[in-house]
Amino acid sequence: MFEVLENDTLAPNVQRLVVRAPRIAKARKPGQFVIVHPEKGGERIPLTIADADPEEGTITLFVQAVGASTLKITGTPPGSPLLDIAGPLGKETDIENWGRVVCVGGGVGTAVLYPQAKALADAGNEVTTIIGGRSAPFIILANELGRFSREVLITTEDGSLGRQGFVTNALQELIDDPQRCPQAIFAVGPVPMMRAICELSRPYGIKTIVSLNPIMIDGTGMCGGCRVKIAGETKFACVDGPEFDGHQVDFDLLMDRLTMYREQEARLVEDLPESLKSKITKVKR
Amino acid sequence: MKKNLSHKEIMAIERVKMPEQDPQQRSRNFQEVNLGLSKQQAMREAQRCLQCKSQPCVDGCPVRVRIPEFLEAIAEDNLPLAAHILLKDNTLPAVCGRVCPQEDQCEVLCVRSAKSGPVAVGHLERYVADWAMQNPDKLLKQDRPEPSGKTVAVVGSGPAGLTMAGELAHMGHQVTVFEALHETGGVLRYGIPEFRLPKNIVDAEVERLERLGVTIECNVIVGKTLTLEDLTRQFDAVFIGNGAGLPMMLNIEGENLKGVFSANEYLTRVNLMGAWRNDLPTPIIQGRRVVVIGGGNTAMDAVRTARRLGAERAIILYRRSEEEMPARVEEIKHAKEEGIEFILLAAPLEILGDDKGWVAGLRCQRMKLGEPDDSGRRRPQPIEGDTFLLEADVVVNAIGTRPNPLLTATAGNLKLSPKGNIATDENCATNIPGVFAGGDIVRGGATVILAMGDGKKAAAAIDNYLRKSS
């Protein structure tokens, strides 16, 4: 059992959980994830470890309720346990000193980006952060990221915070400015966003790393359900990733495989009581 | 009772037939296929044992169960004694009685094989184990061993690890088992389906080990949560039995289409995550026409699962002939009774998709058998130009598994074979002192009982190692 110590709302339907998991807290490196199995009979849900405190023996998870099982996780109050947490899984972020890097986060992906951005800054990179979201309430972690970013650029689709538009507009500006053009880009967010970022950076030959979120079960390479195609080769995101060179990723395949259980997922949500349905975010895939 | 029977009378008893669920019915449910023997059937079958001096059956058993002795106890209606003997030699008898290939091990060596069929050792093993499970209060007391003060870490709670844990606990060592998944049992839990091995049997066997003082910790991935080095520092000895959990890919076009699964994923969704139940959330694609590629027990498990999930046609596609199939004869027979179709001497060339990215079918190559290969089985060869199309909306790849590198990747000085298996000597010892390994991580894809045999052998070696080092 893994006790939830804190559970706060970060954005609409996005919760920040601090959970007691001493072994994972000690072993974890930026970019790695855990699999949470909230209750007996539940699904196994992969979640990036946003932060960890090895002394306190805690890890921080940012969770967006997108279905019945994630809703169970976000709804676990402090003092109550999550049944199983396994990890840390996946490869750690390849942290180098690139010089100037741009970190791009979309929606709850910003939470996944946070540990990477922090590690990149710690390694001596000059970090510029771009955060995008539907509207102001969906922009998360701006202050936290601001602590180690040279600048934080915010874009919202409705213009309610920062600039109106998409993260790609902000990135284009940086690329066009020789003083700010990055040597590497780290992008985490909805698949269409990551794809757009990769398409934008490709002609400039700027290294672009993305964190992929295919459907997973065990997270240890045992089932191969999370397979993705990288440079024409099949890889397992859980053990070979989750981070890959975005210019090599077959995004069509990734998006398509994410729709595999769309019907079944919709039925599960349909069965939820009305009061809970509003707590679920429809994800763009 | 037995003493009253003459040799002639004993020889006249026909081999018992395991009562089974009706094939039509069972092909649509997940309840156990084999129903188990009645007491009368079991006693009568046990009387068929000639109690021969040479005991060839014991030599055929990887864990060396004293078969004639426990059969005699059944025949004499002394089930507490039968259970006592069986449980001493076999940590997981209720599992073995169900999934062991007895026909290739103990039973094949039975002196009665030639004429009237071997004694049904497997069925009797299951009978005694199930009785023991239902009558814990009637079991004879096992001697509690003197605690040795030594600690052993076991990686993986599959058949090798559980056997190891039980053996070492009986020897007085303090055992901690680390399991990567959220439930115990390894392949017994995620791989073998409910209709062949009910999960309450696995639960009961695991609980029995816990009562022996074995500690089991789930959600610990050695290589990630803890390293092998952590374990060698914290424990007096380590056993690695983490299995061959990495599916081999077909490496053909269309493998990543929606509706294409590895057998590991397909079976894990259904068995571990309960996708066959309506009340659990993990989904599965219920194919109308399911093609499973491969000819082993895993392929049979997958194709029979597909049928139970509602497939109108569930088809095995295998590149050799039935004779070369590695699956147990019983599994092939059960599959056929349940309406499974077999397309033999054919291999997939390409998986075809529709315009929505879902599987639509396979393009297959007809094969013929050539000269025997390294495994002694005749090598399949393509018949030039002879290809055909096979419609399918779910394809399951059950061609085999490779060793999972998660642990070994973080254990730099652990010696591996060229294929990535852990290299061991004949006593399951690796090149690192105090570190032992067995089961599929050493053998590649093999069977439950061979893994258990390794667990038992390694337990003796570890016991020896611990006593020497004290």
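Chain A is the first sequence line, chain B the second, and so forth, proteins listed ahead of strands; every chain is numbered from 1.
Contacts with chain B were tallied for A:I24, A:D252, A:T220; A:T220 has the most, counting heavy-atom pairs under 4.5 Å. Residue with the most contacts toward chain A among B:M273, B:M249, B:R269: B:R269 (heavy-atom pairs, distance under 4.5 Å).
At a 4.5 Å heavy-atom cutoff, the contact between A:Q32 and chain B is made by side-chain atoms alone. Heavy atoms closer than 4.5 Å to chain B are found nowhere in A:R28, neither backbone nor side chain. Only the side chain of B:Y190 comes within contact range of chain A, with at least one heavy atom under 4.5 Å from a heavy atom of that chain. When heavy atoms are compared at a cutoff of 4.5 Å, B:V260 approaches chain A by way of both its backbone and its side chain.
Counting only heavy atoms from C-beta outward, the side chains of A:I85 and B:N219 never approach each other to under 4.5 Å. Put simply, the side chain of B:I285 reaches to within 4.5 Å of the side chain of A:Q264, judged on heavy atoms. The shortest distance between side-chain heavy atoms of B:S262 and A:M222 does not fall below 4.5 Å. B:V220 places a side-chain heavy atom less than 4.5 Å from the side chain of A:R23.
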>> Go through it in stages, so that I can follow the logic: the residues are A:K40 and B:E183, the test is side chain to side chain contact (heavy atoms under 4.5 Å, CB included), and I'd like the CA-CA distance, side-chain angles, deciding distance and then a yes or no.
In response: CA-CA 10 Å; A:K40 202 160 171 55; B:E183 299 238 37; 3.8 Å; yes
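Listed by sequence position, A:G225, A:R227, A:K229, A:T234 are the residues of residues 225-234 of chain A in contact with chain B, using a 4.5 angstrom heavy-atom cutoff.
With A:R257 contributing its side chain and B:N256 its backbone, the two residues share a donor-acceptor pair below 3.5 Å.
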